[in-house]
Each structure stands twice: as C-alpha cells, then as structure tokens.
Amino acid sequence: MERWNRVTARLKTFGARDIAITAVFSGLVFVLTMVAIPMPAGGFWHFGNAMIILSGLMFGGLVGGLSGSIGATMADLVLGYGMWAPWTVWIKFFVGSLPGIVSDGKSVPRTILGVCLGWLANFIFYGIAYTVMLGWPAALQWFAADVVVIAYTIGGPLVVWFALRKGFPRIFDYRDSVKSTLAIYLQRERDKGNR
C-alpha cells in the first residue's frame with residue numbers, strides 16, 4: 001500500500017518543472033528518432049532510444065517514460081510508421097521508466113542494470129510487436145538486426161551519464177528534489193489523516 005501511495009503522490013506532485021523537462025526531452029527524443037536509418041529487416045536505427053534511457057537516468061522513471069512515449073510516438077507518426085504508434089506509446093514508456101526506477105542516479109551497478117533493462121524492454125516488446133503485426137519470420141529478422149544497436153543504445157547513455165556525473169553533478173539534484181517533495185507531500189497527507 002505504501003508503494004501505491006508513493007506512486008499516486010508522484011503523480012499529484014508532477015508540476016511545471018516536470019512538465020518542462022518532459023517537453024524538452026520529448027523534443028530531443030523526437031529529433032534523434034527522426035534522424036533514422038532504415039533497417040533491412042524493418043524498423044530503423046536511430047539515437048532516440050539512447051536519449052529515452054538517458055532521460056530516465058537523469059530525471060527518474062516518470063519523466064523518462066513520458067519523454068520516450070511522447071517523443072517516439074510523434075516520430076513514428078511523422079515518419080509514416082503510424083501502425084507502430086500504439087505499440088510505441090507503451091514500449092517506449094517502459095524503455096524510459098525502467099532505467100529511472102532501477103537507477104538511483106548515483107550507483108554505477110544500478111545504473112548499468114537500469115540501462116540494460118531499458119534496452120531489453122525495447123528488444124523484447126518490439127519482438128512481440130513484430131510477431132503480432134508481421135509474423136515470427138519478420139520478428140527473427142528484426143531481432144538479428146536489432147542486436148547491432150546494443151553498442152549505442154547501452155553504451156551511449158552510459159558514456160553521457162558518466163560525463164554528466166563528473167562535469168555537471170548538479171543536474172542530478174533534480175532526483176533528490178523530487179524525493180524531498182514527495183516526502184513533504186506524504187507527511188502532509190499523514191498529518192491530515194491524524195487530525
């Protein structure tokens with residue numbers, strides 16, 4: 001029950017700063033997805049996934065998930081891949097939220113695990129989508145072609161994360177401020193309940 005209260009509290013405390021960050025990173029995901037190289041097996045190579053994962057690492061699961069969902073879905077619609085948009089909305093939400101939930105923004109092992117889970121969510125869920133939409137032979141082709149993107153989908157966000165942690169550590173204060181805001185909100189709710 002406590003976990004659910006934290007989730008609903010985060011949604012209730014999602015404010016103007018969160019909306020602004022989500023808008024900026026949705027735009028970055030959109031632009032980096034638009035610079036796309038079509039894959040022979042279907043789909044396309046792009047750096048949008050790396051930006052989705054990075055937004056989750058920097059700003060937490062909700063901002064990362066929403067940025068991925070909004071930016072990648074808009075790119076699908078503009079690029080003419082509208083049939084994939086219903087899948088993309090959900091898949092990219094998981095790709096952005098998993099790194100944000102697993103990583104605390106400070107621990108290297110948790111960050112690496114979060115990035116790997118984000119990539120794995122994309123790999124597995126799009127495999128399911130390909131199987132449903134185009135059949136298992138197309139899904140196998142897509143799996144083979146998508147393995148190549150491991151290098152920049154996992155490596156890219158990690159390199160940028162390490163560089164930002166070293167050069168601009170205050171960027172990661174955002175996650176601490178969210179925790180403080182949540183703690184204050186939850187304490188106020190408990191105080192109301194005790195009256």
Side-chain angles (χ1 to χ4, degrees), residues 21-103 105 108 110-134 138-165 171 175:
I21 291 170
T22 301
V24 168
F25 275 83
S26 295
L28 289 170
V29 168
F30 174 76
V31 168
L32 290 174
T33 304
M34 292 294 292
V35 180
I37 302 166
M39 288 194 297
F44 45 91
W45 288 315
H46 57 82
F47 290 99
N49 290 336
M51 184 54 67
I52 293 168
I53 291 171
L54 185 62
S55 67
L57 292 177
M58 291 172 56
F59 303 108
L62 186 57
V63 171
L66 289 174
S67 298
S69 191
I70 295 166
T73 302
M74 287 177 17
D76 272 359
L77 294 172
V78 170
L79 287 169
Y81 291 97
M83 69 180 195
W84 295 101
W87 292 93
T88 298
V89 167
W90 297 106
I91 293 171
K92 298 306 183 183
F93 184 82
F94 287 113
V95 171
S97 63
L98 285 174
I101 291 169
V102 172
S103 172
V108 174
R110 288 180 65 176
T111 299
I112 292 171
L113 177 62
V115 171
C116 291
L117 287 175
W119 174 81
L120 194 60
N122 190 70
F123 188 73
I124 290 171
F125 291 143
Y126 268 115
I128 293 168
Y130 265 83
T131 303
V132 169
M133 299 280 287
L134 303 173
L140 289 177
Q141 277 185 313
W142 183 83
F143 277 135
D146 197 56
V147 169
V148 176
V149 304
I150 292 173
Y152 66 82
T153 304
I154 292 177
L158 286 175
V159 168
V160 173
W161 181 81
F162 281 116
L164 290 173
R165 290 290 305 163
I171 290 173
R175 292 183 74 146

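Residue numbers start at 1 and run along the sequence shown.
Summarising the geometry of A72 relative to V29, their closest heavy-atom pair is N-CG1, 3.6 Å, with the distance given to 0.1 Å. Contact detail for T131 and G127: the closest heavy-atom pair is OG1-O, 2.8 Å. Here the shortest heavy-atom pairing between M83 and M133 reads O-CE, 3.6 Å.
Remark: side-chain polar atoms of S55 are paired, donor with acceptor, to backbone N or O of I52 under 3.5 angstrom.
Distance check, rounded to the nearest 0.5 Å: OG1 of T33 to CG of N49 gives 6.5 Å. Rounding to the nearest 0.5 angstrom, the gap separating the OH atom in Y81 from the OG1 atom in T73 is 15.0 Å. Taking CG of L28 as the start and CG of L54 as the end, the distance is 9.5 Å to the nearest 0.5 Å. Once rounded to the nearest 0.5 Å, the distance linking CE of M58 with CD1 of I21 reads 8.5 Å.
F59 pairs by the ring-ring contact (aromatic ring centres under 6.0 Å, His included) definition with F25, Y174, not counting sequence neighbours. Among residues two or more places apart in sequence or in another chain, the ring-ring contact (aromatic ring centres under 6.0 Å, His included) test is passed with F47 by Y152. Considering only residues two or more places apart in sequence or on other chains, V31 meets the side chain to side chain contact (heavy atoms under 4.5 Å, CB included) condition with none of them. Applying the side chain to side chain donor-acceptor pair (under 3.5 Å) criterion to T22, with sequence neighbours excluded, gives no partner residue. Listed by chain and number, the residues in a side chain to side chain contact (heavy atoms under 4.5 Å, CB included) with V35 amount to none (sequence neighbours excluded). By the side chain to side chain donor-acceptor pair (under 3.5 Å) test, T88 pairs with D76, Y126, sequence neighbours left out. Applying the side chain to side chain contact (heavy atoms under 4.5 Å, CB included) test to V78 and every residue at least two apart in sequence or in another chain returns F30, M34. Contacts of V159 classified as side chain to side chain contact (heavy atoms under 4.5 Å, CB included), with partners at least two apart in sequence or in another chain: none.
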N/O donor-acceptor pairs under 3.5 Å from side chains in residues 113-124, not counting sequence neighbours:
unit_1: N122; atom_1: OD1; unit_2: K92; atom_2: NZ; d: 2.7

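With S103 as the fixed residue, the side chain to side chain contact (heavy atoms under 4.5 Å, CB included) test singles out one of I112, L57, V108: L57.
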